[in-house]
Structures are given as C-alpha cells and as structure tokens.
2 protein chains.
Amino acid sequence: MTADPHSTAGPASRHGHDHAHCIADALTRADALCAERGARLTALRRQVLELVWNSHKPRGAYAILEDLSQREGKATAPLTVYRALEFLVEHGLVHRIESLNAYIGCAAPGAVHSGQFLVCETCGNAVEIDDPRIRAAIGTIAAEHGFQVSRPTVEVRGTCTDCQEKTP
Amino acid sequence: MTADPHSTAGPASRHGHDHAHCIADALTRADALCAERGARLTALRRQVLELVWNSHKPRGAYAILEDLSQREGKATAPLTVYRALEFLVEHGLVHRIESLNAYIGCAAPGAVHSGQFLVCETCGNAVEIDDPRIRAAIGTIAAEHGFQVSRPTVEVRGTCTDCQEKTP
DNA sequence: CCGGCGATGTAATAAGATAACGCCATGACC
DNA sequence: GGTCATGGCGTTATCTTATTACATCGCCGG
Ligand SMILES: [Zn+2]
Ligand SMILES: [Zn+2]
Ligand SMILES: [Zn+2]
Ligand SMILES: [Zn+2]
C-alpha cells in the first residue's frame with residue numbers, strides 16, 4: 001500500500017475531516033446495532049469492520065486480509081476475512097461495491113438504504129448516497145415491468161470534485 | 001450447463017419468442033455498426049457475440065469459452081474470449097453485468113445507453129432497460145455532488161414476472 | 001459435566017482476469 | 001512483387017478473487 005492523499009495516516013486526515021472520528025463512530029453504531037439485534041460482533045468481525053473503515057475507499061478482501069495479518073502478526077486465511085465480511089454485509093454494516101470487487105463501510109447502518117455510490121475513478125474514494133429520486137425511478141420502472149425488486153445496485157463511476165479541480 | 005427453461009434450444013424458444021431471430025438481428029446490427037465505424041468484426045468476435053446472444057442470460061467468460069472450445073472442436077485460451085469480449089464491450093455490442101461477472105448482448109447497440117438491467121435471481125434472465133428517469137435522477141444527484149459521471153451502473157436484482165407467477 | 005451450535009482455523013481448489021511473448025495475416029507503400 | 005507496420009490471434013504462465021471441505025475451539029443451556 002503506497003501513501004495516498006485520501007487515506008488516513010494520522011488522526012486528522014486531509015479534507016479537514018477527523019477520520020478517527022469516522023471510525024470510532026462506525027464502531028459505536030455497529031456495537032449498538034448488533035446489541036439491539038442480538039448479533040455477535042466478535043473481536044475479529046469488529047477488527048475487520050475497523051479495517052474496512054480505514055479509509056473512504058472501497059477495499060478488496062485481500063487488502064483487508066493483508067492488514068489483518070499484519071496487525072495480528074501472523075498470516076490469516078482469506079476465508080477468515082470473507083466470513084467476517086459476509087456477516088458485516090448481511091447486517092448492513094458494510095457494502096460490497098460490485099464493480100470493484102471491494103468493500104466499504106456503510107454510512108448509515110440501520111436505516112433503510114439501497115446502496116448507491118459515487119465512485120471516483122481517479123482517487124478511488126466512494127461516497128454513499130441514498131437518493132429517493134433514484135430509488136423511486138427504479139421502483140417505478142420495475143413495477144412497469146412487473147419486476148419485484150430485492151436488491152438494487154447503483155454504482156456511478158466518474159470523477160469527484162477534488163479530482164476535477166486537480167486536473168482542469 | 002444443465003437444461004434450463006429460458007435458454008434457447010430450438011429456433012422458437014419458450015416465451016413465444018423466436019430467439020433465432022434475436023440472434024440474427026443482433027449479428028446484422030453488429031455487422032452494420034462495425035462496417036460504419038471501420039471496426040473489424042472478425043470471425044472470432046462474431047462467433048463470441050453469437051455465443052453471448054445464445055440466451056437472454058448474462059454468461060460468464062469461461063462459460064462462453066467452453067462453448068467456443070466445443071464449437072471449434074479444440075481448446076481455446078481464456079484470453080481469446082476476453083479479448084473478443086473487450087472489443088464487443090468497447091463497441092457497445094455487449095454489456096458486462098458487474099454484479100455477476102458476466103456478459104450479455106446489448107439490446108440497442110449504437111444508441112446512447114447507460115446500461116441498466118433488471119436481473120432475475122431465479123431464472124437468471126436479464127432485461128436491459130434505459131429509463132430516462134433513472135438517468136436523470138443520477139445526473140441530478142451527481143451534479144449536486146459536483147461529481148462528473150463517466151459510467152453509471154444500474155443493476156437491479158429481483159424476480160421477474162414469470163418467476164413470480166411460478167412461485168405465488 | 002456434556003451435548004450442541006456457532007465461530008474460527010487450515011488446506012485445497014475453483015472461478016475470473018491479465019501479463020508477456022511471439023507468430024501470422026492484412027494492407028499500405030515503394 | 002517486395003517490404004514493412006499494424007492489428008489480431010495463439011501459447012503459457014500468473015495473478016486476483018472467492019469458495020468448498022473438514023477439523024477445532026469455546027460458549028451456553030441442560
Ligand atoms: Zn472519514
Ligand atoms: Zn477523486
Ligand atoms: Zn431472444
Ligand atoms: Zn425469472
């Protein structure tokens with residue numbers, strides 16, 4: 001992993017945002033949610049969640065695996081990570097970005113959300129949105145086709161504001 | 001590959017639709033489009049396109065590879081298929097379904113389209129839609145975020161009309 | 001204490017995709 | 001016709017992503 005402008009080296013990362021707070025917040029919400037549901041947020045799962053939240057970029061399972069191995073000081077098997085991710089995705093704590101085969105922390109776990117993302121092809125950051133208009137439009141057209149929606153996926157590739165400024 | 005209700009065994013497949021016509025049509029349009037653009041629709045590429053159009057289900061690259069090998073009577077390398085698919089996707093003749101790692105023939109090549117799909121989780125069929133409302137909604141929210149869209153992906157998982165009828 | 005069940009560990013392997021290298025057909029140009 | 005550049009294709013190896021099968025551990029109710 002090389003140095004990278006958006007990732008979080010220190011407590012107060014660039015963008016003027018305190019990312020440590022993002023992480024702490026995500027973990028707190030996860031604790032609450034799992035407690036509420038009687039789901040077991042194991043040490044391992046919590047650790048993986050934290051690693052997913054390490055940045056606002058989608059991260060591949062094997063990247064997370066590397067981090068985990070490093071932090072644990074011993075090699076970990078892929079399956080370990082995949083199982084944790086499966087749990088986290090099931091409980092809406094993490095989303096999978098299909099077009100990247102990568103995972104990212106959910107911005108609003110617990111709330112109803114359909115998983116919509118703006119993914120920057122330059123810096124790799126992904127912002128979760130949950131626009132009612134998109135949801136509505138999808139619902140409408142699905143209904144017109146007699147199609148019963150179970151899981152809508154919206155992943156918009158493009159360039160974020162920051163990256164546009166840098167490359168005028 | 002097991003027998004499967006939606007695939008096309010004979011000329012007139014189920015659904016009351018003559019799928020042979022779908023294929024012929026797709027090939028004709030592809031010929032025209034490539035001629036118009038000076039793109040070379042090689043025998044191999046044409047063959048792969050035909051195999052992609054073998055059904056209205058997204059097909060994995062390796063499934064296509066198998067078909068191709070069988071038709072040719074000799075083993076073919078994955079790269080062969082991937083190269084053909086790359087060409088076809090670039091020219092908008094085929095779409096990639098990200099959430100399935102699979103490929104499907106484009107319903108309206110040549111026209112502007114953003115690649116929106118209704119994917120049935122039961123039968124595997126995928127219908128391409130191109131709803132202006134969805135496109136508009138995505139455009140709007142992207143603009144609100146100062147996000148410049150390059151490639152929107154909409155893949156709605158769910159159950160198609162037919163499959164709903166079968167399982168009331 | 002013990003049986004059951006969910007979580008984790010270990011090993012092997014499947015599935016999807018790309019990299020590196022070279023040959024050969026095509027067509028422009030001389 | 002000869003020559004050369006280009007693009008398509010074949011071959012092999014390798015990489016990334018994901019899953020299957022089976023053993024073990026630890027907690028909790030009985
Ligand atoms: Zn943050
Ligand atoms: Zn960016
Ligand atoms: Zn058809
Ligand atoms: Zn169906």
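Naming convention: chains lettered A, B, ... in sequence-line order (proteins, then strands); numbering from 1 in each chain.
Distance A:R46 CZ to C:dT8 P: 14 Å, rounded to the nearest Å. Separating the CG atom of B:L41 from the C1' atom of D:dC9 is a distance of 15 Å, rounded to the nearest angstrom. Residue B:I64 contributes atom CD1, which lies 12 Å from atom C1' of C:dG16 at whole-angstrom precision. Taking atom CG on A:N101 and atom P on C:dG16, their separation rounds to 11 Å, with Å as the unit. Distance CD (B:Q47) to P (D:dG10): 11 Å, rounded to an integer number of Å. If you measure from atom CG of A:L65 to atom C1' of C:dT8, you get 14 Å, rounded to the nearest angstrom. One atom, OH of B:Y103, and another, C1' of C:dA15, lie 12 Å apart when rounded to the nearest Å.
When the side-chain nitrogen and oxygen atoms of B:R45 are compared with OP1 and OP2 of D:dG8, one or more of them lie within a distance under 4.0 Å.
Here the CZ atom belonging to A:R135 is positioned 13.5 Å from the CD1 atom belonging to B:I134, to the nearest 0.5 angstrom. Taking CD of B:Q70 as the start and CG of B:L51 as the end, the distance is 10.0 Å to the nearest 0.5 Å. In this structure, OG in A:S99 is found 6.5 Å from CZ in B:R151, a value given to the nearest 0.5 Å.
Using modelled atom types and a 3.5 Å distance limit, the side chains of A:R96 and A:Y103 yield a donor-acceptor pair. Donor-acceptor pairing under 3.5 Å is lacking for the side chains of B:E155 and B:Q116. No side-chain N or O of B:T159 forms a donor-acceptor pair with one of B:E121 less than 3.5 Å apart. A side-chain donor from one of B:H19 and B:H17 sits under 3.5 Å from a side-chain acceptor of the other.
The side chain of A:T42 approaches C:dA7 more closely than any other nucleotide in the set C:dA7, D:dC9, D:dT17.
Within residues 70-96 of chain A, the residues approaching DNA chain C are A:A77, A:L79, A:T80, A:R83, by heavy-atom distance under 4.0 Å. Less than 4.0 Å separates DNA chain C from no heavy atom of any residue of residues 30-39 of chain A.
Between A:E50 and A:R71 there is a salt bridge, with a side-chain nitrogen of the basic residue lying less than 4.0 Å from a carboxylate oxygen of the acidic one.
The aromatic ring of A:Y62 is not stacked on the base of D:dT16, since the criterion of ring centres less than 5.5 Å apart with planes inclined by under 30° is not met.
Residue B:W53 is tested with B:D25, B:V94, B:I23, B:V48 for a side chain to side chain contact (heavy atoms under 4.5 Å, CB included); the sole match is B:I23.
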